[in-house]
Amino acid sequence: MMMMAMMLMAGSIAFAADSDALKAIMKSKNYADAVQLVKNSLGQLADDSEKARAYNHLVDLAMDKVAAETGTMAENTLAATTGGQVKPYDTLGMANAICNAIDMAIECNKYDQLPNAKGKVAPRFAKKNADRIWAVRQHLVTIGQDASQHNNTAGTLRYWGAFTDSSVDPLFADQDHKAEAEYAGQVAYWAGRFAFEAKEFARADRYLAAAMQDPTQKEDALRYKLFAMRSDLKTHEDSLACINQLKVLYEQEPANDIVLDALNSMYEGQKDKAAQLALLDNHLAKYPNSFTALAGKGFIAMTDNDAVTAVEWFRKAAAAKPDNAPIFTYLGICLSSQAANTDNEAMRKDFLGQAIEAFDKAKELDPDKELVKWGYNRYQAYYSLYGEDDPRTKAAEADSK
């Protein structure tokens, strides 16, 4: 009798009845209603297993909508070849349902991966949800593109954001990512930009981080991430927090000139010259040909009105990056300054000749002055060396306009 009682008790534990809250959720056949039920009764669900089942039910309802629309699309494809009737289908409804399925599947997986009553992790829904969502999420790329072309920025962010979320979430780690490798990074980059513009900064950071995993998007994504970090600094504390974030990035990528430039600029903006010099000197000790660090040293010297030192650093920077028109312009400005500050006529002419060479190089690299306005300073150098009426000066004057 005791043995039978124990078996009955064990059976009652193994087959415990669903909570009333879960029963209500599972009865709902409307996605919006079911979502509201889950939100209102999540704390009333018996355990993590019930929470996983509740969210999986939301995935089921979302995927029912997706299946209905993709089914119509398949019928239309067949009709186009057989002359049958083409039926309308709900494109945005399908896209939103895919997004809902992704969101709810990720939430379901959080509970599905927790230990059960026996202390074991035995997910029930992960593979099924990952497989069926991965099969349809591709629609989000093209529908997001269409939304973007129609200036539907909220829709674009939703579709491309959900696509990126599913690209990086552990739930989908075992899916085949190779087929989308050519464009997934670009989708993540633009999702990050749209998220930032929508002031959803956590999402922007997440999507840009995903874009940075793509070698073809890394530089653009990093530049935008750094822009986003520095775009809304209102207080000194904000700036210090940004500097600390940049320090972390710099430690992660010490050879990256983009991060170095951002951190150097922050120190410059805070007028922390000691930190700025320490940063640049330490960087040059490791990377002596760093264009950003060499140019940074030149700018500091230029700001200190030390044209001699500035010329030295700008020459090194120009050698490190000989296709940079702005650096040749600053080199020419500093050489012109040296010419103006010497009483030795031969040296004055020599400095001006070197300045003209630098300005001419800037003109060669940037003839339309899109990167730097070299025209007036170049004209002044020609004027100082050759005089007002020299044909070369006249030509330089024409170029300055």
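Since this is a predicted model, take the numbers as computed values, not measurements.
Under the ring pair (Phe, Tyr, Trp, His ring centres under 6.0 Å) criterion, Phe359 pairs with no residue at all, not counting sequence neighbours. In this view, Asp205 and Lys225 satisfy the salt bridge (charged side-chain N to carboxylate O under 4.0 Å, His left out) rule, not counting sequence neighbours.
In this structure, Lys247 does not pair ionically with Glu251, as no charged nitrogen and carboxylate oxygen lie closer than 4.0 Å. Comment: Lys394 does not engage Asp390 in a salt bridge, judged by the lack of any side-chain N to carboxylate O separation of less than 4.0 angstrom. A salt bridge links Asp304 with Lys273: the closest approach of a Lys/Arg side-chain nitrogen to an acidic carboxylate oxygen falls below 4.0 angstrom. Salt bridge annotation for Lys65-Glu69: present, with a cationic side-chain nitrogen under 4.0 angstrom from a carboxylate oxygen. For Asp165 and Arg203, the salt-bridge test fails: no basic side-chain N is under 4.0 Å from an acidic carboxylate O. Comment: Arg132 engages Asp60 in a salt bridge, judged by a side-chain N to carboxylate O separation of less than 4.0 angstrom. One finds a salt bridge joining Lys234 and Asp232 here, because a Lys/Arg side-chain nitrogen approaches an Asp/Glu carboxylate oxygen to under 4.0 Å. Ionic pairing of Lys361 and Glu364 is present here: one or more N-O contacts between side-chain nitrogen and carboxylate oxygen are shorter than 4.0 angstrom. For Asp64 and Lys29, the salt-bridge test fails: no basic side-chain N is under 4.0 Å from an acidic carboxylate O. With respect to Glu180 and Arg137, a salt bridge is recorded, a charged nitrogen being found less than 4.0 Å from a carboxylate O.
Of the possible donor and acceptor atoms, none in the side chain of Gln270 sits under 3.5 Å from a partner among the backbone N and O of Met266.
The two residues Ala24 and Leu37 have their closest heavy-atom pair at O-CD1, 3.7 Å. When all heavy atoms are compared, the tightest approach of Lys23 to Asp18 is CE-O, 3.4 Å. Residues Ala188 and Thr164 share a closest heavy-atom pair of CA-OG1, 3.4 Å. Minimum interatomic distance between Phe163 and Ser166 (heavy atoms only, all atoms of both residues): O-OG, 2.8 Å. Shown here for Ala307 and Cys334, the closest heavy-atom pair between the two residues is CB-O, 3.7 Å. In plain terms, the two heavy atoms of Ser49 and Arg124 that are nearest each other are OG-NH1, 4.2 Å.
Remark: the Gln175 side chain and the Asp131 side chain contain an N/O donor-acceptor pair separated by less than 3.5 Å. Using a 3.5 Å distance cut-off with no hydrogens or angles, the side chains of Gln36 and Asn40 do pair a donor with an acceptor. Under the 3.5 Å distance criterion, with hydrogens and angles disregarded, a donor-acceptor pair is assigned to the side chains of Asn56 and Asn129. Between the side chains of Gln276 and Asp272, no donor-acceptor pair is found at a separation under 3.5 Å. Inspection of the Tyr159 and His139 side chains reveals no N or O donor paired with an N or O acceptor under 3.5 Å. Side-chain contact, Thr216 with Asp214: a donor N or O sits under 3.5 Å from an acceptor N or O. Of the N and O atoms on the side chains of Tyr382 and Asp360, at least one donor lies less than 3.5 Å from an acceptor on the other residue. There is no side-chain donor-acceptor pair under 3.5 Å between Arg230 and Gln245. No side-chain N or O of Ser336 forms a donor-acceptor pair with one of Gln380 less than 3.5 Å apart. With no hydrogens or angles considered, a side-chain donor-acceptor pair links Ser290 and Asp257 at under 3.5 Å.
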> What's the verdict on side chain to side chain contact (heavy atoms under 4.5 Å, CB included) for Ser148 and Trp190, showing C-alpha distance, side-chain angles and the deciding distance?
Replying inline: CA-CA 10 Å; Ser148 175; Trp190 283 103; over 6 Å; no

> Step by step, would you call Phe196 with Leu157 a side chain to side chain contact (heavy atoms under 4.5 Å, CB included)?
Replying inline: CA-CA 10 Å; Phe196 177 77; Leu157 173 57; over 6 Å; no

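Surrounding CD of Glu345 are more than 12 heavy atoms belonging to other residues, nucleotides or ligands, all under 6.0 Å away. Within 6.0 Å of OH in Tyr376 there are 12 or fewer heavy atoms belonging to other residues, nucleotides or ligands. More than 12 heavy atoms of other residues, nucleotides or ligands lie within 6.0 Å of NZ in Lys369, so this atom counts as buried by the packing criterion.
Separation of the Tyr330 and Phe299 ring centroids falls under the 6.0 Å cut-off.
The cationic group of Arg392 lies under 6.0 Å from the six-membered ring centre of Tyr386 and within 45° of the ring axis, placing it in a cation-pi geometry.
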